[in-house]
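Before any comments, here is the structure.
Numbering of ligands and ligand atoms starts at 1, following listing order.
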Amino acid sequence: NCVAYTNHTVMSEALETWPQDLIQKLLPRVWEIMCEINRRWCEYLVKNFGNDQRVGANLIIRDGSVHMANLCLAACFKVNGVSSLHGDILKNELFKDIYSLRPERFTYVTNGIDHRRWLAQINPRLHGLVCDLLGGDEYLTKPEELIRLRPFADDAGVRERMNEIKRLNKADFARFAVKNDGFALNTYAIMDVQVKRLHEYKRQLLCAMLITHLQQQLHDDPNMDFLPCTFVFGAKAAAGYKTAKRIIELLCSLQADIAADPLCRDKLQVYFMQNYRVSAAEALMPAAQVSEQISTAGKEASGTGNMKLMLNGAVTIGTLDGANVEMYQHLGDENMFLFGLHADEVESLRARGYDPKAVSDADPAIHNIMTRWSRGFADGKNYSDLVSQLLFGGDQYMLLADFDSYLKCHQRLYTAISDPGELARLALVNVAESGVFAADRAVREYARDIWRIDA
Ligand SMILES: *Cc1c(COP(=O)(O)O)cnc(C)c1O
């Protein structure tokens, strides 16, 4: 009655197990208590499931390991996900056995971010505009007030101020880029960002595919209509995660290759920031114009980078995943750019049998990207290992399945924002609708729905 469980991801790191002998040795008393909880839990499971594989699957102690998530399910009076979709996935997939026994314990609280830090403190220019338009800084304690900005999205004068703020913020970020990496940012280009931990499910490689395709297009037709853009990546890989480190290497090769390509000059740029961290995020968010939230549907529990970028007026291109789903409920097709398979479609395509090689063979754009990566870049490095993983290793995160939809969505987005008035309108609507993602709201929901604290 005093312990609640918040699950933060459906990836394997949430389903952590510990060797039984280690716990026995280091935490002998805790081990005794775990054994007693497991004994009672096992009785409860047998009573409800009989002689069924669901008993073994949900045991806390099994085959010499302690299953921490199962301990949480047994012991906690509430189990919550961190977005609406993630809450549903816990109920219907990850924890469906236990949900069937005690549905009243399961809920969700959508994550939030502190708008004092992620707007007022890091983006004083936009904070100033918000205060001017709302007639004061009351939004600092009442983030839902931001919605009153919505009508100003149609005001030409306000739109111009929004674009001027982005221009100045990009100039500031350009100074950061020089200091952090000696990088010369093209401040005239759209700043299109994907900043988050490096993980295959987050699909930095999908964005890399798009960039290679754009470079190819510039080669095929150097005079094509092309809205100049800079793709900014910030990401760290876990120490032992080899594929993640290879993806960083690929992004750096792309950066160098494109920087040395005369046909990309003043049009296409890639910037991989070193040492992505909160202080770097604080420098970047105010300048960002496009937010890449392109995880394989069903894999991103919530995301919070998506919220920080929205709050700073970036336009989201993304999948229906995590808190993007709720973002879309507030923004609609007019103000957010969705693509790709939905979570249930990802599962059904996999069940039907998904052949990434066949997708590549049928799509010349994908085929060209794979060939380019296999052949290698100006720095002499090639990435045939990553290509093999995609084409012959099952493409676990469905990059090839989503590429065409992603490409078309990105084109639709860039056509829309090639009009500066529309770019500013989108930015203002995003700021206006972001109040629901304030941490204040999330904290209140935990107090009310989980801890039953009267505020
Ligand atoms: C917000 C933040 C994240 C989380 O980003 P997601 O896109 O939600 O994964 C990661 N790293 C840093 C430094 C952040 O500020």
Just to confirm my output: which protein heavy-atom neighbour is closest to atom 7 (O) of ligand 1, and how far is it?
Lys196 NZ, 2.7 Å
Identify the protein heavy atom lying closest to atom 9 (O) of ligand 1, giving its residue, its atom name and the separation to 0.1 Å.
Lys202 NZ, 2.7 Å
Check: Met398 main-chain N/O paired with Arg203 side-chain donor or acceptor under 3.5 Å
yes
Pick one: which of Met336, Met327, Lys196, Met307 meets side chain to side chain contact (heavy atoms under 4.5 Å, CB included) with Gln293?
Lys196
Using a strict threshold of under 4.0 Å (side-chain N to carboxylate O), is an ion pair present between Arg350 and Asp395?
no
Taking atom 11 (N) of ligand 1 as the reference point, the nearest protein heavy atom with its distance
Tyr276 CE2, 3.7 Å
Side chains of Ser384 and Trp373: do they bring a donor and an acceptor to under 3.5 Å?
no
Looking just at side-chain N and O atoms, do Asp192 and Tyr414 make a donor-acceptor pair shorter than 3.5 Å?
yes
Numbered atoms of ligand 1 (with element) below 4.0 Å of Arg277, judged on heavy atoms:
13 (C)
Work out whether the distance between some heavy atom of Glu282 and some atom of ligand 1 is less than 4.0 Å.
no
Would you mind running through ligand 1 and noting each atom that sits below 4.0 Å from a heavy atom of Ala281?
15 (O)
Gly305-ligand 1 polar pair, N/O distance under 3.5 Å
yes
Please list, chain by chain and in numerical order, all residues satisfying salt bridge (Lys or Arg N to Asp or Glu O under 4.0 Å) with Asp419, sequence neighbours excluded.
none
Starting from atom 3 (C) of ligand 1, locate the nearest protein heavy atom and write down its residue, its atom name and how far away it is, to 0.1 Å.
Lys308 NZ, 3.7 Å
With only distance considered, is Thr304 within less than 3.5 Å of ligand 1 through an N or O on each side?
yes
Heavy atom under 4.0 Å from ligand 1: found in Ile113's side chain, backbone, both, or neither?
neither
Tell me the closest heavy-atom pair linking Ala177 and Tyr271, and the distance in Å.
CA-OH, 3.4 Å
